[in-house]
Amino acid sequence: MATINFKTQELANLYAYGTNAANAGHLDYFRNNTNEALKSDISALDQRIANFQNVITDAAKAGSEDFPYDKEFLKREFMEEVFAIMLKRPEYRRPDGLSIPNGPFTSFTTSVAYSAGGQDLLQNRGTIMWNGAAWSGNFSDMTADQHKAVLASGLGDGGIPVYDAYSAWIDAVFAEGNKMKLNPQEKVTVVTSITPRTLPTANSPHIVYDRVATVNSGIKDAQGNPVFEYYLIAENAPVSGLNKVSVAGTLSGQPVDSKIELTTNPAVETSIYIQVTKELQPLQNNAFGFVNQVNNLSPAMYLYYFMEARIRVLRGQLNMKEAVTSEIRDDLAKANSAYADLEAQAGKTRAQSENGKTTNPDLSYETQNMDFFEATNAKKGLTIFENNGNDDQANYTEWGSSRSSLKSYIDRKSTQSQDAMLDYQTTLNRFNQAYEVMSKIQEKMDGLVKSQLRNVS
């Protein structure tokens with residue numbers, strides 16, 4: 001099981017139990033009761049998914065079959081990897097020839113595995129599953145329900161509960177990452193000191209106002225500029241401060257994130273306001289003030305508020321660029337592993353027999369590694385390896401065709417990796433520029449305060 005420091009207990013619980021605590025045993029079995037190679041694969045997959053708890057996936061570059069790296073395509077790829085790990089284990093496969101009471105088919109074959117050359121391989125021929133769906137050997141051609149249709153579903157079988165638990169957990173991880181763009185969530189206004197003045201309210205003719213609040217109305221003028229409203233604030237109105245706080249993870253308590261929080265509770269802080277014009281004159285003659293609950297910030301804190309918010313959003317977007325780059329590298333690593341297997345299997349065949357009379361006299365099988373690579377990485381509706389005869393065997397010429405297809409895949413992913421790194425660098429530059437702007441603002445304010453102190457003395 002991966003050692004993951006989750007941001008929230010909800011994510012930790014979904015990882016351990018799914019949506020039902022009764023499934024904890026199934027998830028523990030899936031992650032821990034298998035060979036070391038699959039344990040390593042599951043742990044690596046779990047960590048890749050968990051990384052998205054600090055990633056903003058909303059508004060990312062739209063994914064496609066050629067570039068499957070937005071939220072929807074990433075979830076599809078993660079679930080296909082979960083599905084693949086299950087099919088590598090016989091306890092998760094629905095048995096062949098199982099009778100389906102009152103169903104449209106009296107028996108079926110999962111087409112999941114057969115023994116050839118001492119290995120379990122995916123069959124790549126269009127047989128029919130019990131629910132009427134055709135097995136294609138490409139997991140992207142199947143819906144989630146069709147995935148689950150080939151998993152064992154008897155009493156005590158855990159394939160479907162584990163599949164559903166991962167689906168819910170992935171959704172929650174993406175949702176948590178997207179919360180980064182919402183901090184700070186409270187609406188705030190910037191307030192500036194003014195010469196005190198007295199104006200009436202409904203309850204008193206002598207209210208002293210000593211600050212003005214500037215509020216974005218949410219409306220834009222004909223030139224597209226925001227329209228602001230202005231309010232005088234009665235003296236002694238509370239002004240909020242800001243704290244940058246660390247978010248402790250569930251595992252070790254070590255920080256996994258940070259965010260900006262107001263230091264006052266807006267639910268109990270009220271002040272008297274009166275709306276005025278830009279020239280600070282009452283908007284209406286004889287207008288009375290009113291009581292309102294607003295989070296007021298000084299100009300300095302207002303700047304800090306929005307700079308921190310912008311940096312946090314850029315951090316989440318930068319994490320998305322980094323995650324996409326990492327996912328492409330992962331695809332490339334798997335492709336290169338499959339390529340090594342392809343060369344080994346192709347080396348077992350010849351173009352001509354020894355007497356030169358027979359073309360392509362030998363056949364060899366795709367490996368399990370190749371089968372599952374193709375099933376989880378081929379574009380929807382397509383295959384990567386030569387499928388002549390709807391089987392997993394290939395002769396010398398067919399291996400050549402498969403080699404060309406796999407090379408094209410690797411070349412395409414290599415180009416995408418370079419483009420993703422450039423995209424990452426562009427966002428990193430914006431992230432660094434935001435920090436530089438904040439540093440310059442702090443430097444200016446520090447100089448201003450020190451010069452004012454000298455004038456006072």
Side-chain angles (χ1 to χ4, degrees), residues 37-38 40-42 44-49 51-52 61-88 111-113 119-126 135-144 146-147 150 163 166 170 323-346 365-387 390 392 394 398-399 401-420:
L38 285 181
S40 178
D41 288 345
I42 295 169
L45 173 61
D46 289 352
Q47 188 61 65
R48 282 164 51 211
I49 295 170
N51 288 342
F52 281 84
K61 179 180 178 180
S64 66
E65 292 294 337
D66 284 317
F67 194 81
Y69 302 109
D70 66 358
K71 180 169 61 176
E72 286 72 23
F73 277 93
L74 283 168
K75 180 180 180 181
R76 186 186 80 176
E77 294 211 340
F78 288 148
M79 291 307 302
E80 287 176 4
E81 290 187 50
V82 173
F83 184 51
I85 290 169
M86 289 183 182
L87 295 190
K88 291 177 182 178
S111 299
V112 172
Q119 294 177 320
D120 281 338
L121 307 174
L122 293 178
Q123 289 187 21
N124 204 13
R125 52 190 171 86
W135 175 266
S136 69
N138 181 342
F139 295 164
S140 297
D141 292 340
M142 303 167 69
T143 66
Q146 289 169 347
H147 285 174
V150 298
Y163 188 98
Y166 267 86
I170 291 169
V324 168
T325 303
S326 179
E327 288 299 314
I328 295 174
R329 286 200 302 265
D330 183 75
D331 289 342
L332 268 171
K334 291 173 181 174
N336 284 319
S337 176
Y339 190 83
D341 281 8
L342 184 151
E343 291 294 357
Q345 296 305 101
Y365 286 100
E366 295 175 16
T367 65
Q368 185 190 78
N369 183 37
M370 293 174 64
D371 271 345
F372 280 101
F373 167 76
E374 180 179 42
T376 55
N377 289 274
K379 296 180 187 179
K380 190 173 184 178
L382 299 176
T383 59
I384 295 175
F385 302 129
E386 175 64 51
N387 191 29
N390 290 321
D392 268 346
E398 290 168 341
W399 282 124
S401 175
S402 294
R403 181 184 294 110
S404 296
S405 295
L406 187 53
K407 279 186 174 180
S408 295
Y409 176 93
I410 292 173
D411 289 344
R412 183 171 70 253
K413 290 297 174 183
S414 297
T415 300
Q416 289 178 355
S417 180
Q418 295 172 8
D419 292 342

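Small disclaimer: the values here were computed from a predicted structure and weren't measured.
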*Asks:* Can you tell me if Asn138 uses its side chain to pair, donor with acceptor, with the backbone of Lys379 under 3.5 Å?
*Replies:* yes

*Asks:* Apply side-chain contact (heavy atoms from CB on, under 4.5 Å) to Thr415 and list each qualifying residue two or more places apart in sequence or on a separate chain.
*Replies:* Asp419

*Asks:* If I take atom CZ from residue Phe373 and atom CD from residue Glu366, how far apart are they, to the nearest 0.5 angstrom?
*Replies:* 11.5 Å

*Asks:* May I ask you to decide whether Lys334 forms a salt bridge with Asp330, counting only side-chain N to carboxylate O separations under 4.0 Å?
*Replies:* yes

*Asks:* Donor-acceptor check, side chain of Glu72 to backbone of Gly63, threshold 3.5 angstrom: yes or no?
*Replies:* no

*Asks:* List in chain and number order the residues that pass side-chain contact (heavy atoms from CB on, under 4.5 Å) with Gln418, two or more places apart in sequence or in another chain; answer none if no residue qualifies.
*Replies:* none

*Asks:* If we ignore hydrogens and angles and just use 3.5 Å, is the side chain of Asn336 paired with the main-chain N or O of Leu332 as donor and acceptor?
*Replies:* yes

*Asks:* Could you grab the distance from atom CZ of Arg76 to atom NZ of Lys380, nearest 0.5 Å is fine?
*Replies:* 7.0 Å

*Asks:* Calculate, to the nearest 0.5 Å, the distance between atoms CD and CG belonging to Gln146 and Asp141 respectively.
*Replies:* 9.0 Å

*Asks:* Donor-acceptor check, side chain of Ser417 to backbone of Lys413, threshold 3.5 angstrom: yes or no?
*Replies:* no

*Asks:* Which heavy atom of Ala338 sits nearest a heavy atom of Leu406, and at what distance?
*Replies:* C-CD2, 4.0 Å

*Asks:* For residues Tyr163 and Met86, report the shortest heavy-atom separation together with the two atoms involved.
*Replies:* N-CE, 3.7 Å

*Asks:* Measure the spacing between CG of Asp70 and NZ of Lys61 and express it to the nearest 0.5 Å.
*Replies:* 10.5 Å

*Asks:* Specify the closest pair of heavy atoms between Ala378 and Ser140, including all atoms of both residues, with the distance to one decimal.
*Replies:* O-OG, 3.9 Å

*Asks:* Has Glu81 got a side-chain atom pairing as donor or acceptor with Asp41's backbone, closer than 3.5 angstrom?
*Replies:* no

*Asks:* Quick one: do the Thr367 and Gln345 side chains pair a donor with an acceptor below 3.5 Å?
*Replies:* no

*Asks:* Can you tell me how far NZ of Lys75 sits from CD1 of Ile49, rounded to the nearest 0.5 angstrom?
*Replies:* 10.5 Å

*Asks:* Give the intermediate values and the outcome of side-chain contact (heavy atoms from CB on, under 4.5 Å) for residues Phe139 and Phe372.
*Replies:* CA-CA 9 Å; Phe139 295 164; Phe372 280 101; 4.1 Å; yes

*Asks:* So, taking the atom named CD in Glu77 and the one named CD1 in Ile170, what distance separates them when rounded to the nearest 0.5 Å?
*Replies:* 11.0 Å

*Asks:* So do Tyr365 and Met370 actually touch side chain to side chain, heavy atoms under 4.5 Å?
*Replies:* no

*Asks:* Identify the two heavy atoms, one from Phe385 and one from Glu374, that lie closest to each other, and give their separation to 0.1 Å.
*Replies:* N-OE2, 2.8 Å

*Asks:* Ignoring hydrogens, what is the shortest heavy-atom contact between Ser405 and Ile384? Give both atom names and the distance.
*Replies:* CB-O, 3.0 Å

*Asks:* Starting from the C-alpha separation in whole Å, work towards a yes-or-no answer on side-chain contact (heavy atoms from CB on, under 4.5 Å) for Tyr69 and Asp331.
*Replies:* CA-CA 11 Å; Tyr69 302 109; Asp331 289 342; 2.5 Å; yes

*Asks:* Kindly indicate whether the side chain of Met142, heavy atoms from C-beta on, has any atom under 4.5 Å from the side chain of Glu80.
*Replies:* no

*Asks:* Angle class for the His147/Phe83 ring planes (parallel below 30°, perpendicular above 60°, tilted otherwise)?
*Replies:* parallel

*Asks:* Checking Ser337 side chain against Ala333 main chain: does a donor-acceptor pair fall under 3.5 Å?
*Replies:* no

*Asks:* Taking Trp399 for its side chain and Ala394 for its backbone only, find out whether a donor-acceptor pair lies under 3.5 Å.
*Replies:* yes

